[in-house]
2 protein chains.
Amino acid sequence: MSEQSIKLTVDAVVFGYESIPKISVLLVKRKYDPFQGSWAIPGGFVEDGESLEDAVSRELKEETGVEIGYLEQLYTFGNLDRDPRERIVSVAYFGLVRPDTYKISAASDAQEVSWFDINNLPKLAFDHREILDTAIKRLRAKITYEPIGFELLDERFPFSDLENLYTTLLGREIDRRNFRKKIMGFGMLDELDQKVSKGAGRPANLFQFNKQRYFQLKEEGIVFEI
Amino acid sequence: MSEQSIKLTVDAVVFGYESIPKISVLLVKRKYDPFQGSWAIPGGFVEDGESLEDAVSRELKEETGVEIGYLEQLYTFGNLDRDPRERIVSVAYFGLVRPDTYKISAASDAQEVSWFDINNLPKLAFDHREILDTAIKRLRAKITYEPIGFELLDERFPFSDLENLYTTLLGREIDRRNFRKKIMGFGMLDELDQKVSKGAGRPANLFQFNKQRYFQLKEEGIVFEI
DNA sequence: GTTGGTTTGTGTATATTGTACACAATTATG
DNA sequence: CATAATTGTGTACAATATACACAAACCAAC
């Protein structure tokens, strides 16, 4: 009755952001069959004495060297034909990393790990394209009702970075004044006494997301919404 | 390496609605240890050749006799200590049934299956209370941005049923005129030429959710939001 | 050091949407 | 036939969203 031979894995769709601007996802090249040489979402088998979250973090670190900033469960994929060899159910996670992590891991073992622009993806192994699409959908939706976008920016960032991130993800122009008015209205961004200038143009003030204040405001019933 | 001994189960949190009004959840009484005699969310092991959704439907039918109207994946619970005997990872689902289903299954084998008001729950087995709380949170959140509330009502219903459902789930009063204005504004409810009178008061017109029209409107970019 | 190019920073007027609110119509009941 | 209960409906005001343009601060090139 409970003679079950299903194997359990975890996979992690990890997004990064560069102000080119583009949204990227972290992929690894498979060394073995099936799908040898194909790009795939990092992941692997869950060990018996390990929680799902621990498994994701471990696999990510083993396969890509990346330490994740934000991680949440995405969806569990359990179709019968996911893997040609055996029945595998995979709990997919969804992660975000800051640009510093981005640069480090992009520089590491480039033959096996790489960032890909989500608008220019290679063919992926297994049903990983479906998993990735699910993750992209979630990311696009979630930035409109939870302040997770900050997890893709440096800890201190110019306001234009935030604006560009939203423009890129939502795929439409955003009015700078209205956007700023709205975000600052929440009161969860601290404006710092620091400026940064990148190339031409007036130097920008730096901002910082105040997570503690956000939770406080959330308690008080304020809802983040773009 | 892949000598994994994790077992995979599915569980289903099924909600029903009665116009007492209250939101109920379908529970089963456990026959065997562990937690013998405790109430639990219906569910069980996934078979090797069966998709997760099939497993949920099968278990629900076997344990409760209920055929589900609406079903979506909720979350996967994989903590180490979920089950005292062995490592079990459970993919939890979230379902809604119409009142007709409600009455039928509430009448069936009452010693083992029963509906419970979500505000008056017994102690639950395993981590099922956590699963249930996750499901309730999801239900409350989801009715505000997707028209799933109709899955808890009869196919034809008076407007006041919908209003009461939202009042109950959101836990606050709703202005009848404004609510009706908003819902009807979406254009996804058909007003029928039928009236129904329950007890005293002016008879109510019946309405019907037009799912096809909803998908059409969604394509056109209209967003459901309460 | 002046000019042109580039980016940041800011306020107001209008349109849209949300909210508050009360009374007549229709039935059941006694 | 009087009373209680429920459904159905519109308008005025408040709050929020949207559209929109120009000055400030720097860099680069001459």
Side-chain angles (χ1 to χ4, degrees), chain A residues 18-21 143-145 147 153-154 156-168 170-208 217 220-226, chain B residues 18-21 143-145 149 153-154 156-168 170-208 217 220-226:
Chain A
E18 257 188 331
S19 24
I20 303 202
I143 54 159
T144 69
Y145 64 86
L153 303 177
D154 285 311
R156 296 154 175 213
F157 56 87
F159 211 91
S160 54
D161 273 17
L162 188 65
E163 191 193 320
N164 288 330
L165 174 64
Y166 273 85
T167 304
T168 306
L170 300 180
R172 57 179 164 89
E173 289 306 306
I174 290 178
D175 182 277
R176 187 147 33 106
R177 278 179 286 193
N178 294 338
F179 183 68
R180 188 163 176 144
K181 204 190 305 176
K182 186 173 227 171
I183 297 281
M184 293 314 286
F186 292 129
M188 55 183 69
L189 271 197
D190 296 337
E191 187 161 6
L192 306 175
D193 270 340
Q194 269 182 71
K195 291 188 192 304
V196 68
S197 70
K198 36 176 184 179
R202 177 174 172 174
N205 239 315
L206 289 181
F207 290 82
Q208 187 164 7
L217 290 165
E220 294 168 15
I222 284 165
V223 286
F224 179 86
E225 215 201 339
I226 302 298
Chain B
E18 258 188 331
S19 26
I20 302 200
I143 54 158
T144 69
Y145 63 88
L153 302 178
D154 285 311
R156 295 153 175 214
F157 56 87
F159 211 90
S160 55
D161 272 16
L162 188 65
E163 191 193 321
N164 288 332
L165 174 64
Y166 273 85
T167 305
T168 306
L170 300 180
R172 57 179 164 88
E173 289 305 306
I174 290 178
D175 182 277
R176 187 149 32 109
R177 278 178 285 192
N178 294 338
F179 183 69
R180 188 163 176 146
K181 204 191 304 175
K182 187 172 226 170
I183 298 281
M184 293 313 287
F186 292 128
M188 56 184 69
L189 272 197
D190 295 337
E191 186 162 5
L192 306 176
D193 270 340
Q194 269 182 73
K195 293 187 191 303
V196 67
S197 69
K198 36 177 184 180
R202 177 174 171 172
N205 238 315
L206 288 182
F207 290 82
Q208 186 164 7
L217 290 165
E220 295 168 15
I222 285 166
V223 285
F224 180 86
E225 215 201 338
I226 301 298

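Bear in mind the structure is a predicted one, so any value in this text is a computation, not a measurement. Naming: A, B, ... by sequence-line order, numbering from 1 per chain.
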Heavy-atom nearest nucleotide on DNA chain C taken for A:R177 and for B:N178; more 5' hit belongs to A:R177

To the nearest angstrom, the NZ-C1' distance between B:K198 and D:dT6 comes to 9 Å

ask   = In terms of ring plane angle, is the pair B:F186 and B:F224 parallel, tilted or perpendicular, where the classes change at 30° and 60°?
value = tilted

When rounded to whole Å, the CG to P distance for the pair A:N205 and D:dA24 reads 17 Å

If you look at every strand shown and take non-hydrogen atoms under 4.0 Å, does A:D175 touch a base, only sugar-phosphate, or nothing? base

To the nearest angstrom, the CD-P distance between B:Q194 and D:dT7 comes to 17 Å

When every non-hydrogen atom of A:Q208 is compared with those of A:R156, the smallest separation belongs to OE1-NE, 4.0 Å

In whole angstroms, the gap separating P of C:dT7 from CG of A:N164 amounts to 10 Å

Sorted by position of nearest nucleotide on DNA chain D, 5' first, the leading residue of A:S197 and A:E225 is A:E225

Among the nucleotides D:dA17, C:dG5, C:dG9, whichever has the atom closest to the side chain of A:K182 is D:dA17

Between CE of B:M184 and P of C:dT17 the distance, given in whole Å, is 18 Å

Taken to the nearest whole Å, NZ/A:K195 to C1'/D:dA25 is 9 Å

Result for side-chain contact (heavy atoms from CB on, under 4.5 Å) between A:S160 and one of A:R176, A:R180, A:K198 points to A:K198

Checklist entry - Would a distance-only check, ignoring hydrogens and angles, find a side-chain to backbone donor-acceptor pair under 3.5 Å from B:Y166 to B:G149? => result no

Side-chain contact check for B:P203: nearest option of C:dG9, C:dT26, D:dG8 is C:dT26

Rounded to whole Å, the NZ-P distance (A:K181 to C:dG11) equals 10 Å

From the candidates C:dT8, C:dG5, D:dT9, the one with an atom nearest any side-chain atom of A:A204 is C:dT8

Practice prompt. Answer yes or no: is there a side-chain heavy-atom contact under 4.5 Å between A:F157 and A:V196?
Written response: no

To the nearest angstrom, the CZ-C1' distance between B:R180 and D:dT7 comes to 8 Å

